[in-house]
Amino acid sequence: MKNYKVGIIGATGMVGQRFATLLENHPWYTVTALAASGRSAGKTYEEALGGRWVMDTPIPAAMKDMIVMDATADIAKIADLVDFVFCAVDIKDKNELKALEEAYAKAEIPVVSNNSAHRFTPDVPMIVPEINPEHCEVIPFQRKRLGSKRGFVAVKSNCSLQSYVPALHPLRDLGIQKVLCCTYQAISGAGKTFESWPEMVDNLIPYIGGEEEKSEKEPLKLWGKLENGVIVPATSPAFTAQCLRVPVSNGHMAAVFASFDKKISCEEIIERWKNFSGEPQKLNLPSAPKQFLHYFTENDMPQTKLHRNLEGGMAVSVGRLRPDTQYDIKFVCLSHNTLRGAAGGAVLAAELLCAKGYID
């Protein structure tokens, strides 16, 4: 595999920092451009961070003194330096963010985005590589719309989906009728630490803006089909969600209840989880977990602190599968929200796009 020159757009935020750590020693990727808001432009990466580095490891040495560019004004300069970019820009106005990502694509820079702005653009693939790698096939249609030859936008799904949708995916042929999921989401999902959000210590907030709508709609796009140049979301199963912010630094837990047309035993479901693998495992992509779904038989497992970093934070932990009195089954699952859920999921999606020839 060739070595790709990559940029991080929105490099100073929490997800941007996570991208920096993941790309530091990546076998395929070398970071050649960092960009953020105009306030950071012209400063070294270390200066632009201004003491706000929150990762456990130090600022990557190769990036520390790199001059940060303006994410909006320097697109043409960035285009000369990179093969593609990861985008983690924090812009509240979704239309502005969509326009920015499309501006990169029109400048012939492929964009692999962590943002939500383009998740429901019909010709933008929202990729969880083990679940819907075939959605990459929409990219030529998007390029036609944008008038680009190389450039396109691909996104990853909401971070909380990465815990429960992978566990449901190997059961789809049973005819999933309805799903109830309650997610218990870490504060890093809001870009916060306990130092910056002290009111979360010993606290729980039963509301995360927009999160329940995403949790109910996005799985249907992941399971949608490519028709006439767009991805048409699936019409079932019916999802309902409740999302809570909990006093945990990293790791999103979900309690899931599901009903099916066909019934099989819990032992058969566990066997399916153990045997499930996807395209990243077949292609042996650098960031892919060897075992995607790990099932724990102990009643008090998985636990966030113990299992969020399983397989470099890229695996999903599942446990407590049992029959339910109102649904057919219930179980819990866990994923690392800034690794599998955010930056790591985007890096894995980029590896898939490179391996499939979409980023030349």
Side-chain angles (χ1 to χ4, degrees), residues 4-10 15-16 18-19 22-23 26 28-29 71 75 78-79 82-89 94 97-159 161-162 165 214 218-226 229-233 278-280 283 285-288 314 340-360:
Y4 295 82
K5 296 178 291 182
V6 305
I8 305 171
I9 313 303
V15 175
R18 181 64 81 184
F19 274 124
L22 291 174
L23 297 171
H26 195 283
W28 295 2
Y29 303 148
I75 295 174
I78 293 165
V82 302
D83 294 313
F84 73 96
V85 296
F86 292 103
C87 187
V89 173
K94 297 302 178 194
L97 185 45
K98 279 167 108 164
L100 179 66
E101 291 182 343
E102 288 196 353
Y104 276 87
K106 287 173 180 174
E108 302 299 355
I109 310 170
V111 178
V112 182
S113 177
N114 184 71
N115 299 309
S116 64
H118 269 298
R119 284 183 196 155
F120 282 96
T121 304
D123 59 8
V124 170
M126 181 168 69
I127 301 167
V128 177
E130 287 89 349
I131 289 174
N132 61 343
E134 71 281 0
H135 282 196
C136 298
E137 293 165 22
V138 80
I139 288 169
F141 298 97
Q142 184 196 141
R143 282 175 171 154
K144 192 173 177 186
R145 173 176 65 85
L146 296 174
S148 64
K149 291 188 175 69
R150 281 188 79 247
F152 64 86
V153 179
V155 299
K156 52 151 287 299
S157 72
N158 184 269
C159 51
L161 267 69
Q162 310 274 345
V165 175
K214 293 173 192 170
E218 288 187 21
L220 299 175
K221 182 168 180 182
L222 289 178
W223 288 336
K225 287 198 173 141
L226 178 56
V230 297
I231 294 159
V232 179
E279 199 77 355
L283 294 169
L285 298 178
S287 300
M314 292 299 287
R340 167 53 75 164
V347 171
L348 184 60
E351 290 168 4
L352 177 74
L353 289 161
C354 290
K356 294 281 191 185
Y358 289 98
I359 300 175
D360 54 29

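All of these numbers come straight from a predicted model, not from anything done at the bench. All values below come from the heavy atoms of this structure, side chains included, with hydrogens, waters and symmetry mates left out.
Ring pair Tyr29/Phe19: centre-to-centre distance not below 6.0 Å.
The main-chain N or O of Phe84 is never found under 3.5 Å from a side-chain atom of Tyr104 such that the two would form a donor-acceptor pair. Here the side chain of Asn114 pairs no donor or acceptor atom with the backbone of Phe86 at under 3.5 angstrom. Checking side-chain atoms of Lys106 against main-chain N and O of Gly151 turns up no donor-acceptor pair under 3.5 Å. Looking only at distances, a side-chain donor or acceptor of Glu218 sits under 3.5 Å from a matching main-chain atom of Asn158. Side-chain atoms of Asp83 do not come within 3.5 Å of backbone N or O of Val6 as any donor-acceptor pair. The backbone N or O of Lys149 lies less than 3.5 Å from a partner atom in the side chain of Glu108, making a donor-acceptor pair.
To the nearest 0.5 Å, the span separating OG on Ser113 from NZ on Lys98 amounts to 12.0 Å. Atom-to-atom distance recorded for Met126:CE and Leu161:CG is 7.0 Å, nearest 0.5 angstrom. Here CD of Glu279 is found 11.5 Å from CG of Asn132. Values are rounded to the nearest 0.5 Å. Atoms CG and CG, on Leu348 and Leu283 in that order, are 10.0 Å from each other to the nearest 0.5 Å. To the nearest 0.5 Å, the span separating CD1 on Ile359 from CG on Leu352 amounts to 9.5 Å. Atom CD1 of Ile109 and atom CD of Glu101 lie 12.0 Å apart (nearest 0.5 Å).
For Ala88 against Val15, the heavy-atom pair with the smallest separation is CB-CG1, 3.9 Å. Nearest heavy-atom pair across Leu222 and His135 is O-CE1, 3.4 Å. Of all heavy-atom pairs between Ser157 and Gln162, the closest is OG-NE2, 3.1 Å. Summarising the geometry of Pro110 relative to Arg150, their closest heavy-atom pair is CD-NH1, 3.5 Å, with the distance given to 0.1 Å. Between Pro140 and Tyr358, the shortest heavy-atom contact is CD-CE2, 4.4 Å. Shown here for Cys136 and Leu353, the closest heavy-atom pair between the two residues is SG-CD2, 3.7 Å.
Between Val347 and Val112, every side-chain heavy-atom pair lies at or beyond the 4.5 Å cut-off.
Residue Val111 forms a side-chain contact (heavy atoms from CB on, under 4.5 Å) with just one option from Val85, Ile9, Val155, and that option is Val85. Applying the side chain to side chain donor-acceptor pair (under 3.5 Å) test between Asp123 and each of Gln142, Arg143, Arg145 identifies Arg145 as the sole match.
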Ser287 vs Glu351, side chain to side chain donor-acceptor pair (under 3.5 Å): CA-CA, chis, key distance, verdict:
CA-CA 8 Å; Ser287 300; Glu351 290 168 4; 2.6 Å; yes
Applying side chain to side chain contact (heavy atoms under 4.5 Å, CB included) to Arg18 and Ile8, what does each step give before you reach the verdict?
CA-CA 10 Å; Arg18 181 64 81 184; Ile8 305 171; over 6 Å; no
Give the intermediate values and the outcome of side chain to side chain contact (heavy atoms under 4.5 Å, CB included) for residues Val165 and Val128.
CA-CA 10 Å; Val165 175; Val128 177; over 6 Å; no
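The number of heavy atoms from other shown groups lying within 6.0 Å of NZ (Lys225) does not exceed 12.
A tilted orientation is assigned to the rings of Trp28 and Tyr4, their planes being inclined by 30° to 60°.
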